[in-house]
Novice: 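First the structure, then my questions, so here it is.
Throughout, a chain's letter reflects where its sequence line sits, starting with A, and its residues are numbered from 1.
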Amino acid sequence: MKITIEIDGQKIEVEKNTTIIAAADKAGIPIPRFCYHKKLSIAANCRMCLVDVEKFNKPLPACATQVADGMKVSTTSKIATEAQQSVMEFLLINHPLDCPICDQGGECELQDTAVAFGSGQTRYKEEKRVVFNKNIGPLISTDMTRCIQCTRCVRFLQEVGGMMELGMVGRGEHSEITAYVDRSIQSELSGNIIDLCPVGALTSKPFRYKARTWELIRRPTLAHHDSLGSPLEAHIKQNKVIRMLPREDEAINECWISDRDRFSYEGLNNEDRLQVPMIKEKGQWKESDWETALTLIGEKLKDILDQHGPEALGILISPQSTIEEGILAKKISKTLKSPHIDHRIRQSDFSIEHEASPWLGSHIDAIGQFDQYLLIGSNIRNEQPLLTSRIRKSVNQGASLFVINSIDADPLMTVAEKMIQTSHKLPHTLAKVLKSMTEIKGVLKKDIKFIKADIEKIKTDKVSDAIAQHLMKNVLAGKKNNTSILLGQIAQEHPDYSTIYKLAFEISKLSQATFGVLPIFANSVGLHAVNVLPEKGGLNAYEMLEKKLKAYVLLNIEPQLDASNAQLMQDAIVSSDFTVALSTYNSKYLKNANVILPVSPFTESSGTIVNMEGRVQSYTAVTQSLGQSRPAWKVLRVLANHLDLKDFDYESSADVKEAHLKSKNQFLSKELSNSIEITSDYKIRITKPKQFSRIGEIHQYCIDPIVRRAPSLQTAIQKSKAFAKLNPIDMKSLKLKVNDKIQVTQGKQSTILIVIEDVSIPEGSIYIPSGIDDTANLANNYGDVTVKKITARSGS
Amino acid sequence: MVKQIDIIKPSKIFPNQDLVCLRTMVHDDPGSIDTYLKIGGYEQLKQILKKKTKPEAILAELKTSGLRGRGGAGFPTAIKWSFMSRDYDGMKYLVCNSDEGEPGTFKDRDILRYNPHQLIEGMLIAAYVMGTRVGYNYIHGEIWREYELFEKALDEARDHGFLGENILGSDFSFDLFAVHGYGAYICGEETALIESIEGKKGQPRYKPPFPATYGIYGKPTNVNNTETFASVPWILEHGGQAFQDLGVENSGGVKLFSVSGHVEKPGNYEIKMGTPFSELLNMAGGIWHRRKLKAVIPGGPSTAVVPAALIENATMDYDGLQKIGSSLGAGSVIIMDDSTCMVSALKRLSYFFYEESCGQCTPCREGTGWVYRVIKRIVDGKGTREDLELLTDVSKKISGRTICALGDAAATPVLSFIKHFRPEFEYFIQHGHSMVNTK
Amino acid sequence: MIHADDIKLIDKELKKFPDNQKQSAVISALRIVQTRHGWLSKEHISDIAHYLGMPEIAVMEVATFYNMFNLEPKGKYQITVCTNISCMLRNSDEIVQHLEKKLGISFGEVSKDKKFSLKEGECMGACGSAPLCLINNHTMHEYLTTEKIDQLLASLK
Ligand SMILES: Cc1cc2nc3c(=O)[nH]c(=O)nc-3n(C[C@H](O)[C@H](O)[C@H](O)COP(=O)(O)O)c2cc1C
Ligand code: SF4
Ligand code: FES
């Protein structure tokens with residue numbers, strides 16, 4: 001319902017339940033504030049927003065006062081201005097006026113408000129309060145004397161982050177914001193409290209003292225580390241990105257970004273950035289120039305193709321590559337008639353391959369509005385740090401979350417029902433739910449393609465029944481089922497992904513739920529849409545490595561860290577005759593390649609990515625390319641020239657997009673469908689590991705070459721990164737103690753890890769992370785592993 | 001062990017009929033359930049349950065009685081109870097506020113130790129009227145013995161079937177628990193108290209929403225002071241009119257006055273509303289050491305101090321004290337004789353508010369500290385001429401701009417002390433020491 | 001580790017609140033544990049947090065908000081003297097001075113033999129019997145005089 005109110009004489013129509021401050025914000029009438037934030041609960045503690053409301057004998061906080069029809073508000077009357085000035089004076093008495101050395105200087109809400117609403121001089125002659133700083137980890141720096149106790153940071157971590165990591169301890173004037181006993185903040189969204197802090201109490205540690213804010217050039221760009229595609233603002237000094245901040249887009253990131261998107265820029269400036277082409281001659285790496293390197297590549301590849309035919313070449317591109325890069329790579333492979341090209345480097349089961357686009361199935365803002373969620377194979381906080389907060393908000397407001405997974409990861413929100421089973425049983429667990437659904441009266445079984453004889457054998461249980469009931473209740477009542485079923489990264493990387501997909505798809509059909517995939521990478525959806533996939537008869541990313549081709553072209557891949565099977569990729573490259581890597585970094589994992597070409601990261605390049613909801617977003621470079629590195633789309637184009645291929649005369653990345661991306665809409669829609677046609681009955685493959693199933697999850701700060709080189713993020717996880725984790729029961733049966741060393745073996749290689757006990761790992765599984773040096777020689781991320789305790793003697 | 005000396009019994013001074021909340025005190029073992037039953041205790045509850053009295057009828061009696069909240073704000077109790085929705089069928093809570101911690105206030109403590117069952121019966125009746133299923137009595141942290149006594153009283157009441165499921169065979173169920181504070185004056189503020197019951201810091205909530213719609217765990221909750229609840233059984237027994245008649249217009253009934261400070265016999269006096277101040281002072285044995293009255297804080301530090309000349313002819317009721325620029329508050333009468341240094345007294349009071357500010361809102365958190373430091377500076381002999389204006393100005397800037405009334409409470413003493421005793425402050429600033437020859 | 005007897009006491013407090021509102025018992029839990037140990041260490045706070053399923057920082061907030069919790073070790077007998085207005089008017093200062101002299105410590109300090117500590121208290125809601133003090137948050141002594149203080153100290157073994 002709309003009502004009319006008046007602020008400063010201006011009539012405004014607003015919704016009935018809004019607050020004065022929200023109404024004023026909409027109308028563009030400034031009301032000063034510190035504690036209020038439109039995305040957080042209302043604290044009304046700073047008292048800065050006091051306004052004069054007719055018929056009240058004292059000023060009221062605009063942030064906490066709901067509008068009423070006919071209400072007359074003044075933000076500039078004597079009552080209001082006196083209130084604002086006095087609050088400002090109170091705030092400043094204990095605030096160190098250290099703006100000249102404060103990192104917040106120039107972008108400080110307190111400073112700005114003081115100028116606009118303060119009185120200019122202080123009458124406070126007593127000693128100012130001093131508050132000791134806290135060490136809350138490598139990302140956020142504290143200057144607690146500057147804190148004005150607005151509690152935005154406390155509320156953010158509790159409400160959006162899902163875990164109360166900061167609190168205001170003490171009382172009265174002695175209140176201070178702190179974590180528990182100098183504990184580091186764990187939230188993957190923690191950096192947002194830097195933006196939220198209206199003063200310079202919480203600032204970015206990596207950015208500290210790097211620049212004064214007015215020296216910075218600000219340019220828009222896009223986040224590249226998950227498939228949200230959050231709009232970012234890069235802050236540049238001397239051609240270097242030295243800070244990343246969110247740009248606000250209600251439909252994508254609201255006003256937040258994940259820590260990964262905020263702090264990974266540090267990796268851009270890493271010292272192993274490759275600045276010139278490198279050629280390996282007689283086992284020795286030599287610096288080269290572009291002409292020499294490209295000529296060499298042209299000749300070598302032509303040779304191999306001449307000798308062995310076009311099937312000798314495989315092209316693997318990183319799923320973070322732009323669609324322009326994807327299009328050019330695909331065009332090269334097509335023109336060469338080489339059918340082997342793929343971007344799904346962490347996937348290992350491809351049987352549903354071309355049909356289904358790995359997209360969300362709905363818009364991002366719709367994700368926060370379901371009544372029920374079923375998450376399958378997803379450690380969602382790790383995979384989709386920011387998207388998770390939308391689901392969390394919804395769950396906090398009463399939506400139900402069901403989880404089927406092979407680790408019992410805490411999503412920091414209430415889980416209504418969960419089924420946690422060792423990873424090889426994931427399809428089986430899902431089948432239980434399907435079976436439970438078919439046991440509900442009124443559900444038609446005949447459409448299910450899952451082999452009937454098999455489903456008869458499956459035993460349902462209380463939880464699968466409960467989940468089935470929840471999923472079906474609206475459908476059976478003839479109502480719309482407002483449920484979202486989502487497949488996460490663990491599902492997508494699972495050796496039986498297609499079975500999982502089919503089961504989940506059938507479940508969502510039966511329950512009329514919205515079905516979607518949580519795409520892992522920045523451009524998983526886009527590269528799928530422009531068909532950077534093997535041609536008919538071509539090999540997928542896994543087979544290309546299994547088949548050991550003569551030549552590989554790799555785009556922005558660090559072989560052993562980015563693969564679904566590190567050993568396999570390593571072997572394939574070693575055995576190839578010629579491997580070209582286009583890479584931003586001079587990675588030790590590229591030592592077996594033959595030529596490395598320096599390509600620019602996204603901040604130095606232009607292009608287009610398509611996010612999880614199919615939103616097409618283009619961006620341009622925010623800095624110049626470092627050294628001789630060049631945008632990958634340019635390198636691919638020139639490479640095509642060196643391969644004597646025709647029709648590669650694009651002037652810009654925009655040209656490539658213009659020529660090849662059929663849809664000109666803001667959202668891809670026709671190109672996106674996650675429906676599949678299940679043509680024949682299917683069954684569950686019964687695999688039983690010899691000893692353990694590996695959960696080879698990759699930590700969000702290890703997901704790509706840039707993040708892996710961001711020192712502050714790495715420091716944040718350094719203590720927890722390289723552990724193997726086992727269920728207490730398995731620990732016991734192997735006679736292991738916490739911090740014992742174990743030897744884990746996959747295929748022909750093994751590595752030694754420290755083991756810790758973790759109840760979130762189901763019996764029969766072992767958690768061995770991928771994407772880190774310590775496990776870069778192991779095989780399938782979700783395959784079989786054998787584990788041996790290292791005794792003191794054998795270890796030393 | 002040092003033997004505790006019992007408080008002076010008002011029974012010695014007063015005819016019984018005026019005793020309401022402390023009426024058990026004319027008996028031996030006043031706090032026991034036997035004593036309470038002997039004087040007709042729990043009879044009102046029994047009658048209500050037997051006759052299935054309509055809540056409206058009880059509310060009407062309460063309205064006639066003129067009972068106003070005894071916690072300090074003086075809000076009419078009948079109206080407050082009618083705010084609780086009767087139709088709401090979810091959980092609702094009832095809370096008794098026994099967190100008295102405002103300097104000079106110690107009346108609820110005597111109810112807890114000398115007449116806890118009357119409080120319990122009052123709460124039972126309130127629960128019946130408002131349809132609340134569970135109640136809590138939040139007891140001030142420093143009075144552990146009273147907490148234990150009250151727990152014991154609860155056990156007795158439970159044993160007699162007055163608490164729990166289907167009380168006395170009716171379909172009315174109510175359970176009551178004691179909750180112990182642990183040293184935070186602010187938890188007397190009703191929303192801070194609610195936060196505290198939820199296991200949080202006692203930081204007041206912004207209102208609205210009021211507890212009647214959003215209280216404990218977000219459920220409708222009614223909060224009343226101990227004395228308010230304890231008055232209810234008497235009112236139902238004798239009728240609302242009888243209670244009203246004890247007092248004066250606008251201030252029905254009797255009230256407990258906690259008299260402390262420079263009197264011969266400090267203690268609680270339960271007297272008719274409208275009793276002249278001089279009479280109360282007499283009961284308390286007059287000013288000690290035959291000194292002269294200088295000033296009185298009549299309702300606790302959150303009410304304005306008044307000089308002797310003003311209060312000598314005042315009556316002790318809401319209007320009577322308002323007339324002389326102060327208020328009844330919780331009836332905490334702090335008496336100061338002519339040896340009192342008003343500057344030092346104000347220093348102590350402002351230290352209290354500074355210490356007890358919960359710290360969430362800016363004017364109170366920053367302002368109370370500022371005020372205290374300036375007064376301390378004056379007492380340390382380093383005051384300046386601008387300081388009195390500064391104190392007045394800062395106090396006014398706290399007032400009316402905070403989440404809860406502690407901000408206003410902190411400003412009141414500063415403004416009233418300076419208003420009435422300005423020369424004394426000026427003297428102190430000028431000479432660097434007090435005008436009063438303390439000892 | 002919370003002492004088994006204390007667990008029983010905490011469980012008793014928990015019964016006062018709905019099952020899903022364990023946090024409501026946190027003040028009691030802190031009181032119970034402090035009563036046994038005289039103060040609350042970081043470990044005590046963590047233990048209570050785990051027992052009640054609360055974030056540790058939330059327990060810390062409570063422990064630091066309420067005056068009667070000690071976050072540092074105190075003397076075997078902690079004497080809290082109210083110095084607020086009503087007590088002050090009845091010479092609580094004298095009581096404080098006497099205590100300070102006899103114990104050789106001031107407010108906030110612990111005696112060398114760790115037997116006593118002194119603390120300044122705010123209003124205890126018992127001003128009618130001023131001046132007064134509280135021993136270990138539990139036992140109140142009223143109508144104090146310097147002689148009574150002497151007796152009291154002598155009785156504390
Ligand atoms: C700072 C502050 C302290 C208070 N302390 C008490 C108290 O100790 N006891 C009390 O009953 N009310 C106290 N109150 C008033 C309560 O908020 C509330 O109004 C009262 O408990 C309602 O009960 P009544 O209507 O029966 O008076 C206090 C209010 C404020 C602002
Ligand atoms: S006025 Fe003071 S005590 Fe009341 S909420 Fe504000 S800071 Fe807390
Ligand atoms: S913005 Fe309204 S009180 Fe802080």
Side-chain angles (χ1 to χ4, degrees), chain A residues 41 43 45 129 131-132 134-137 140 142 144 147 149-187 189-190 193 202 392 395-396 398 400 410-416 759, chain C residues 1-2 18-27 29-31 33-34 37 39-74 80 82-85 107-109 119-125 137:
Chain A
S41 66
N45 61 25
R129 169 174 67 225
V131 184
F132 289 115
K134 318 284 181 291
N135 182 8
I136 54 172
I140 299 163
T142 67
M144 295 324 282
C147 170
Q149 281 93 352
C150 71
T151 67
R152 280 187 189 173
C153 54
V154 177
R155 282 175 285 147
F156 173 84
L157 288 169
Q158 206 168 2
E159 294 162 17
V160 184
M163 184 164 38
M164 185 182 183
E165 295 192 79
L166 287 179
M168 189 160 91
V169 302
R171 187 165 91 191
E173 201 193 65
H174 314 292
S175 303
E176 43 183 274
I177 303 288
T178 179
Y180 184 64
V181 202
D182 272 8
R183 192 171 286 172
S184 292
I185 297 203
Q186 298 296 311
S187 169
L189 303 175
S190 71
I193 67 178
L202 304 174
R392 178 173 300 129
V395 169
N396 289 348
S400 310
D410 184 357
L412 300 184
M413 53 186 135
T414 312
V415 178
V759 286
Chain C
M1 276 285 285
I2 308 177
D19 291 345
N20 60 348
Q21 300 290 352
K22 283 171 146 181
Q23 173 162 2
S24 280
V26 68
I27 299 176
L30 288 165
R31 165 180 45 80
V33 172
Q34 173 170 298
H37 301 278
W39 69 294
L40 295 165
S41 68
K42 303 272 151 40
E43 289 70 36
H44 294 142
I45 299 218
S46 299
D47 289 347
I48 290 170
H50 292 141
Y51 193 66
L52 298 178
M54 290 171 68
E56 284 148 318
I57 184 69
V59 181
M60 196 61 161
E61 279 192 340
V62 170
T64 55
F65 187 88
Y66 297 87
N67 266 356
M68 291 162 71
F69 292 121
N70 302 324
L71 293 161
E72 276 150 26
K74 298 285 167 188
T80 312
C82 176
T83 60
N84 215 307
I85 185 94
F107 281 144
E109 294 176 356
K119 184 168 171 177
E120 180 165 30
E122 285 302 338
C123 180
M124 303 188 180
N137 290 338

Novice: Find the distance between NE2 (A:His174) and CZ (C:Phe65) and round it off to the nearest 0.5 Å.
Specialist: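 Reported to 0.5 Å precision, the distance equals 12.0 Å.
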
Novice: Please say whether more than 12 non-hydrogen atoms of neighbouring residues, nucleotides or ligands are located less than 6.0 Å from CG in C:Asn20.
Specialist: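 Above 12, so yes.
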
Novice: C:Leu71 versus chain A, heavy atoms under 4.5 Å apart: side chain, backbone, both or neither?
Specialist: neither

Novice: For C:Lys42, does its backbone N or O pair with a side-chain atom of A:Tyr180 as donor and acceptor, under 3.5 Å?
Specialist: yes

Novice: I need the minimum non-hydrogen distance between C:Glu61 and A:Gly167, along with the two atoms involved.
Specialist: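 Residues C:Glu61 and A:Gly167, closest heavy atoms: OE2-CA, 3.2 Å.
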
Novice: Name the region of A:Ser175, side chain, backbone, both or neither, that has any atom closer than 4.5 Å to a heavy atom of chain C.
Specialist: neither

Novice: Of the options A:Met163, A:Met164, A:Gln158, A:Glu165, which is the one that meets C:Ile57 in a side chain to side chain contact (heavy atoms under 4.5 Å, CB included)?
Specialist: A:Met164

Novice: Walk me through it: do C:Met60 and A:Thr178 pass the test side-chain contact (heavy atoms from CB on, under 4.5 Å)?
Specialist: CA-CA 10 Å; C:Met60 196 61 161; A:Thr178 179; 5.9 Å; no

